[in-house]
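The chain is numbered in sequence order, starting from 1. Remember, it's 1-based here, ligands and their atoms both numbered in the order they're listed.
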Amino acid sequence: MKVLHLADTHLGYSAYRKVTEEGVNQREIDVYDAFTQCIDYAVKSKPDLVLHAGDLFDSVRPTNRAITVAVQQILRLSKENIPFIVISGNHETPKLKETGNIFSIFEHLDHVYPIHNNHYETVSLKNKDETVMVHAIPQCQSPKEFETNLKKITRGKKADFNVLMAHGAVAGIKEFKMNEFNELFIPVKNLQEDFDYIALGHYHMYTKLQENAFYAGSTEHLSFTEADSQKGCLEIDLGQKLKHRFIPLKTRIMVGAPSLDCSTLRIEQIVQKVKETIQAIDPKDKIIRVCLENVPSHIQRGIDFHQIRDLGKTAVHFEIKSTTIKTGEAALSKDYKMKSLADEFEKFLDIQQYQEKKILFNLGLHYIHKIEEQEKKP
Ligand SMILES: [Mn+2]
């Protein structure tokens, strides 16, 4: 049985100032285009099932245009008799149940199963002589409700395949989270090995968590933290042994240039370096960010930012982010966030010169894990 797994399409998202000839935000169009590419692929490759693991829409009240794109594309699957199961994610789920969920518009479409009622539901489907039971957990009103619903999952013993779908962060040895206020955490113990497949949404980077559990990742770059990641969807073959294939999409190139330490540079040197960086990127139609770090404040005032911005005028978006220092002592930038100990340790090792980095990393993880286990005990 062939399954196409996608997630985090965020229809309705828009960003930056660039608009198309029709006056529509360019990034909004890019996001629609990425979703359409997934549907094109599904119509062409004819999977037995398409799963969308949440955040179909970017917001609780999507615009008419976003709704239209969603309906048009989902109808293409419906017409091909390809079942489409979609769970609501944290972006489109209203905080108050009374608001009503936009997913109710999909309820009367053939072969479309919108799961949005804040609780665990199953969908059982038959394809030729194989049966699949899909266990879907949409976004819930609270972490507690989410946990209660996760506990209700019971594998269908008669089904040939059992597939779990959920939208949330996972925190194991490494963390896969988005730092969003309403994000829910899926305990690692729920990612059981006996599911034939676990289709996850929420974390925007394509990630293999374990043999049977994947984040498909978002279909477009929605922030600079995702700049270097390839976007796409996942083709899954549920058989004796699970096979997966990442299907890359053609998305707009986003480049977060490595930050430039300006603490010892003169104005001309900074401008020259930025120039070289931008030329090497070839800005046309791309989304670019250049970070200048530790710019002494007297130098910051002297930089001609208009001249620098002009260098990137063919880009869809070009931004310069700079952090200043007052005394020559590097200050922590405002948006610095402490990640998990394992992430911080990996980052620390990255900039060290040791040859045995890999051994040290594994050893470190082992100790971090040990301490974390000890802390969990009452
Ligand atoms: Mn998302």
Side-chain angles (χ1 to χ4, degrees), residues 4-16 25 27-39 50-63 66-67 69-70 73-74 84-95 101-103 106 114-116 118 136-141 143 146 164-171 174-186 191 198-209 213-234 246-247 249 251-252 254 287 337 339:
L4 193 70
H5 167 197
L6 63 148
D8 296 273
T9 46
H10 287 261
L11 303 179
Y13 166 94
S14 67
Y16 316 133
N25 183 276
R27 289 303 282 157
E28 183 180 340
I29 297 295
D30 290 348
V31 162
Y32 296 147
D33 183 52
F35 178 54
T36 306
Q37 286 180 51
C38 294
I39 305 298
V50 177
L51 303 177
H52 190 304
D55 285 357
L56 172 73
F57 293 111
D58 190 54
S59 67
V60 174
R61 290 183 179 80
T63 60
I67 296 169
V69 171
Q73 295 305 321
I74 292 170
F84 178 70
I85 306 179
V86 55
I87 56 175
S88 67
N90 60 318
H91 273 259
E92 61 231 329
T93 306
K95 279 175 236 35
N101 196 302
I102 180 70
F103 276 22
F106 302 129
I115 313 287
H116 61 91
N118 305 297
I137 315 259
Q139 176 80 8
C140 295
Q141 298 299 110
F146 189 59
L164 172 65
M165 290 175 84
H167 186 89
V170 171
K174 283 192 90 177
E175 287 184 333
F176 301 96
K177 59 174 187 176
M178 299 292 292
N179 292 316
E180 289 170 337
F181 75 96
N182 57 351
E183 74 186 333
L184 297 169
F185 278 81
I186 305 164
L191 307 176
I198 301 175
L200 297 170
H202 184 59
Y203 185 60
H204 284 185
M205 249 75 84
Y206 161 59
T207 305
K208 177 182 179 177
L209 278 182
F214 288 80
Y215 278 110
S218 58
T219 46
E220 244 294 354
H221 301 96
L222 304 174
S223 85
F224 274 101
T225 54
E226 304 166 30
D228 302 318
S229 64
Q230 170 69 56
K231 298 301 179 184
C233 50
L234 265 167
F246 184 74
I247 311 297
L249 302 175
T251 54
R252 189 172 299 285
M254 186 182 233
I287 297 166
K337 272 200 194 84
K339 288 191 174 165

Exercise. Applying side-chain hydrogen bond (donor to acceptor under 3.5 Å, both in side chains), name anything that partners Y13, two or more places apart in sequence or on another chain.
Key: none
Quiz item: Considering the options L56, V69, I102, which one meets the side chain to side chain contact (heavy atoms under 4.5 Å, CB included) requirement together with P62?
Solution: I102
Self-check item: Short side-chain to backbone donor-acceptor contact, S218 and E220, under 3.5 Å
Solution: yes
Quiz item: With D30, which residues qualify under salt bridge (Lys or Arg N to Asp or Glu O under 4.0 Å), at least two apart?
Solution: R27, R252
Quiz item: What are the two closest non-hydrogen atoms of H91 and D55, and how far apart are they?
Solution: N-OD1, 2.9 Å
Exercise. Please indicate how many protein N/O/S atoms are found closer than 2.8 Å to the Mn ion (ligand 1), with waters neither displayed nor included.
Key: 4
Quiz item: With sequence neighbours excluded, what pairs up with E183 under the salt bridge (Lys or Arg N to Asp or Glu O under 4.0 Å) test?
Solution: none
